[in-house]
Amino acid sequence: MHIDYSLLSTEIALAILGLIVFTLGLTLPSRSTNRGLGAFAIFGLLIVLGITVSFWGTQAELLAGMYLIDNFSVFFKILALVAAILIVFGTMSYANNNLSRQLEYYSTIIFATLGMIIMISAGDFITLYIGLELMTVSFIILVAFRKTDGHSLEAGIKYLILAGVSSAVLLYGLSLIYGATGTVYILELAELVTAGTISPLLVFGLVLLVAGFGFKISAAPFHMWAPDVYEGAPTPITAYLAVGSKAASFAILVRVFVGGLAGMQEQWATLLAVLAAISILLGNLVAIPQTNIKRMLAYSSIAQAGYIMVGLLTASPEGIKGVMFYAFIYLFATIGAFVVVCAVYEKTKSDEIASYAGLSQRSPLAAAVMLISLLSMAGIPPLAGFVGKFYLFTTITDNFMWLVYIGLIMSMVSVYYYLRVALVMYRDEPTDPTPIKMGAAVNVTLIIAMVATLVLGIYPTPLSELSNIAAQSFFTW
Amino acid sequence: MSWLHLLILSPFIYTILIPFLYKSFRRIHTGWFVLPLPLILFACLIKQVKIVAKGSVLSYVARWIPSLGIDFVVYLDGLSLMFGLIITGVGALVVLYSVFYLAKEREALHNFYVYLLLFMGAMLGLVFAENVLVLYLFWELTSISSFLLIAFWYQRKSSCYGAQKAFMITVAGGLAMLAGVLLLANITGTFSIQEMISQFSLIRNNPTFIAAMLLLLLGAFTKSAQFPFHIWLPDAMEAPTPISAYLHSATMVKAGIYLIARFTPIFGGSMLWFWLVTGVGLLTLFWASLVAIRQVDLKAMLAYSTVGQLGLIICLLGIGSAAFYYGTGVTEPLYTTAILAAIFHLVNHSTFKGCLFMVVGIIDHEAGTRDIRRLGGLLNIMPVTFTLAVIGGFAMAGLPPFNGFLSKEMFFTGVLNASQFGIFHLETWGKLIPVVAWIASIFTFVYCLIFVTRPFLGKHHPQKLEKITREAHLGMLISPALLASLVILFFFFPNDLAKYILYPTMAAILPGFTAIDSGLGPIRAWHGWTPELFMTLGVVTAGLVVYFAFRKWPRIIRLPSRFTWNALYDGILEKTEELSGRVTGSYMTGRLRDYLIYIFVGFIILTAGTMVINGSFAFDLTTNSPVLFYEFVLFFVVIGAAVLVLRGRTRLASVVALGVVGYLIAGFYVILRAPDLALTQIVVETVTTVLFLLCLYFLPRWNEEKPEGFRRFDFVIALGVGLTVTSLALAASGNNLFDSISWFYEQAYELAGAKNIVNAILVDFRGFDTMFEILVLCIGGLGVHTLIKLYLEGRKSK
């Protein structure tokens, strides 16, 4: 069988990069290499990003549908890579100071990215699972990375066990679907599963799949791990979990449900709608009393997962486009917020919201980015979050109007708890008025996040068109 | 892009310059740089007055988000032009006033003017937007800029409280409005307001008509601070006074009125709309005027009076909406007088209330307090300010020769007309409207009198004040004086105003309206001994009586603070926090056991629930092969071993028992003739058991040597999971299977030369997956390596 390996350039390059970074980390002994290693990783990731971008417009399958390359997957790959680059870039000094002499850090991040990318392009269940596992194992290591912090280890163990449970559920679901249809290929599945041929077994497989993916995107009621793990993990990893892991999981969720199981839309749409509603309600209501900013963001990310799920319900190009658009703007808002969390932690050694008092005086840029990111997540116009939510919710006005109302009301609630952070930052007097000096890298990352959130809110057309094209490619298989 | 787009965007563009101007010209008050902008915009709009008065309407399109059908369409008709003139005109005066009000040495002027310009742009965008989504966008932007401006003195706790409250309530209303317009868009398939209006009959016959109406009204009522959402406005008075004058009396709070006026052609004519708009407006007028009387803070008094006056305008719009009862709207004076009165009063209110706010600002600025218990006798010290207060106050009270008199008379005409419509049960209930309106007017008269007399007349007590009081700087008097002169000017030349501003505005609300055959006579101050005049005389007489008997009043109209709407608002916030705190506390325990319980319960509900709903619990055992003796033996031993895992006294015993389960599974494979699977299972099981035993060495000692007590709850959940999975497996085995996979066996030998199917699958059929899997294992290994390294380092450092 002829295999066109060039289609795997992104994956191969990323694997090589990971190995080089890993080897360099082992062979270069001095501490001073730490910074250099980060810079090298970014440089390498940028090259991989370039390679990935060059695949835009390619529509090809590898090994009879085991591996799919289309604009949809390229879009999400770019997203994962951009997230990795921004996070590594923006939190390099945090990593140097808090995760010193652990040079496996960068290579593990790269491997986690590789896992995401394999997952995003997966065309069959086994490849999907392996990508998922690669990502999850890498994240387990990363979550437990802060050796001195008991929280970090606890988070690592929780993540390990709960991810294990979720993987088991997912595998069970996949095997039931295989049992019902006799195929593991998603494209074949789409042909086999049509409205007339749905067996109960398929429905069970579907339900278990929902549960399994529910973990990965931290949708209620499978979200339990998120707050503890988000709080305990090193902040850059939390950010990457919130952005990368979630986006990749959404990509594969879309691939399996809309791509493979579109014939069962009737069965899963209601289920997903209910889960989305629970996630939105729970995530927003429980975020209110949080005093730790990472926990608060964890809960808000549960709610965000609920919002994104809305895009799947109609199984239409518009919905998929909404998912992609939202995932992309959510990336900037989340990274903006978490990079600020990193910067503040470095100075105050605390993630409590109270320690953000007077941030506007200590670092106006950090406070502004935090505010804009939070308001974007709340969906306040003219920030990007509003456009994203709008894309998502307009797709379901015909069938799920009740969900639109829940979404609107809960957006309101989210304004309340986001605003409290804003008030602490802008109103309260700082206990320690010394300005927070952030490095140039942090500043650049923050400005990128802020500008993107603003510009995409006011002029969303370019991104909207790109995601439109990508969504179209998804449906042309 | 057109000039109108530029007009909307220019404040936003200008904001970019402000911080630079502030930094480079510290010696010049930044306000001077800002001032030309609203002046220019005002001039631009004034030029359009004649064109619009002739009945033409301007509309320009700019592409924005074509994929969603959202175009940035701007639309200039009488209604938006009138608002535009108020926004830019009052805006210019407020900027001028603020130059003298805010000291350039102390205040963060760059922030102030950035926020102010943001607001101005947003407000212009709001009134000129033709697309409902663009309208919503600017609507929320006004809320945001209002939030920023109220919290301008963010060091004060009360500022932040007020800002937050205003933001929460108005944004909540904004979201309701969004839902409402989305419903409308759903019905009509367009985001354009004018196209919606042209399809009004389609909307009226749609079942979601009422929902859309209520949601839209919620947006309008929250923004315009109508009862019971009025509570944010008094707290918003923490903003600097120029802002209160601008946002919270002249412009932003009128956005709700704008919305109601804009959508009257769609919803007007419905009984619910009529009574909701009229009723809420009237109730607000009554309640706010009553509460205003007992305020001791001048600004709070003005805040409540603003609430009341907005209610008056909304009430009039509600009455006027009856014109749409007959299709596209009749233009008989019986109906249209109310609308004319609403618009006229809206313009007048902007003038006299702006003037009054500025007067309060002057008093606050010069005397250091706004508390009427400490003020008095300012007449001799501040004669100019007093004059302005009299003009503004008497205009608000509805006395001649000020514009308020004219619109108040028309207001009485409007409410008197309502009972003659003969629809909506107005022949009976309609009699109530003039009565309530008349009583509310008495209260209005009383607080106006208090406002004018208490700070200025009586005795001056310098010892109660922190400052030595003088007359205000001339610059601060210019703006209120200009407004005051407009108050008088409009009284003497109301018909010019009507011709150029009011009638075109009416034409925008009532599609068929033309000034010539409207049947509305010229606006006159004197039109004989009409009932309206007697009502006014009654108001004055009764008002004077109430005023002089006032000292006994406060206690009567004071409600216990527990029952106020404010308490409700605070209570809701508090209770929500409490509730979510309790929810979090009870289920986010941080214990893995609890989390697993939730997950498994979720699993059972999902799967078993699906099973029950689908009715797919059925399975057929008849086609199964018979169960052999060996299988029974294995079955019971597996169960025994599983129980031992749980009840084992030591960890070692449990781990060994777990191993036994695994090996027995391999036994099943052997019986079912799958030797390669059995082989694999045995290898895997051996390795895991050994690893497990190795781990035991490192685990800390178990504190409880005894096995834990029997947990009933856990047992139930375990049983549930077991039952669910078993029935799932049974249901699965009853499923009609696909083609045999024996193909793999044959191919494995023929193509791959393999005698072990597992190996063949791993290295051949799924070679790629195996490679990736090896990668996963590598990463896992690296992780273990890293963690061990960390562990060793941790030990060393100890």
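Reminder, nothing fancy here: chain letters follow the sequence lines and each chain counts from 1.
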Roughly how far, to the nearest 0.5 Å, is [atom2] of [Y] from [atom1] of [X]?
X      : Y      : atom1 : atom2 : value
A:L408 : B:M177 : CG    : CE    : 11.5 Å
A:E133 : B:E773 : CD    : CD    : 4.5 Å
A:I126 : B:T770 : CD1   : OG1   : 9.0 Å

Tell me, for [X] versus chain B, whether the close heavy atoms (under 4.5 Å) come from the side chain, the backbone, both or neither.
X      : value
A:L128 : neither
A:I118 : side chain
A:M135 : neither
A:Y405 : side chain
A:I409 : neither
A:L271 : side chain
A:E318 : neither
A:I130 : both
A:L423 : side chain
A:E11  : neither

*Ring centre gap for A:Y416 and B:F167 strictly below 6.0 Å*: no
*Contact origin within B:I144 toward chain A - heavy atom pairs under 4.5 Å*: side chain
*chain A contact via B:F138 - which portion, at a heavy-atom distance below 4.5 Å*: neither
What option among [options] has the most heavy-atom pairs under 4.5 Å with chain A?
options                        : result
B:I605, B:V171, B:V601         : B:V171
B:L775, B:L579, B:V776         : B:V776
B:L215, B:L182, B:L183, B:L175 : B:L175

*Are side-chain heavy atoms of B:L178 and A:F386 found at a separation under 4.5 Å?*
yes
*Answer yes or no: is there a side-chain heavy-atom contact under 4.5 Å between A:V137 and B:L777?*
no
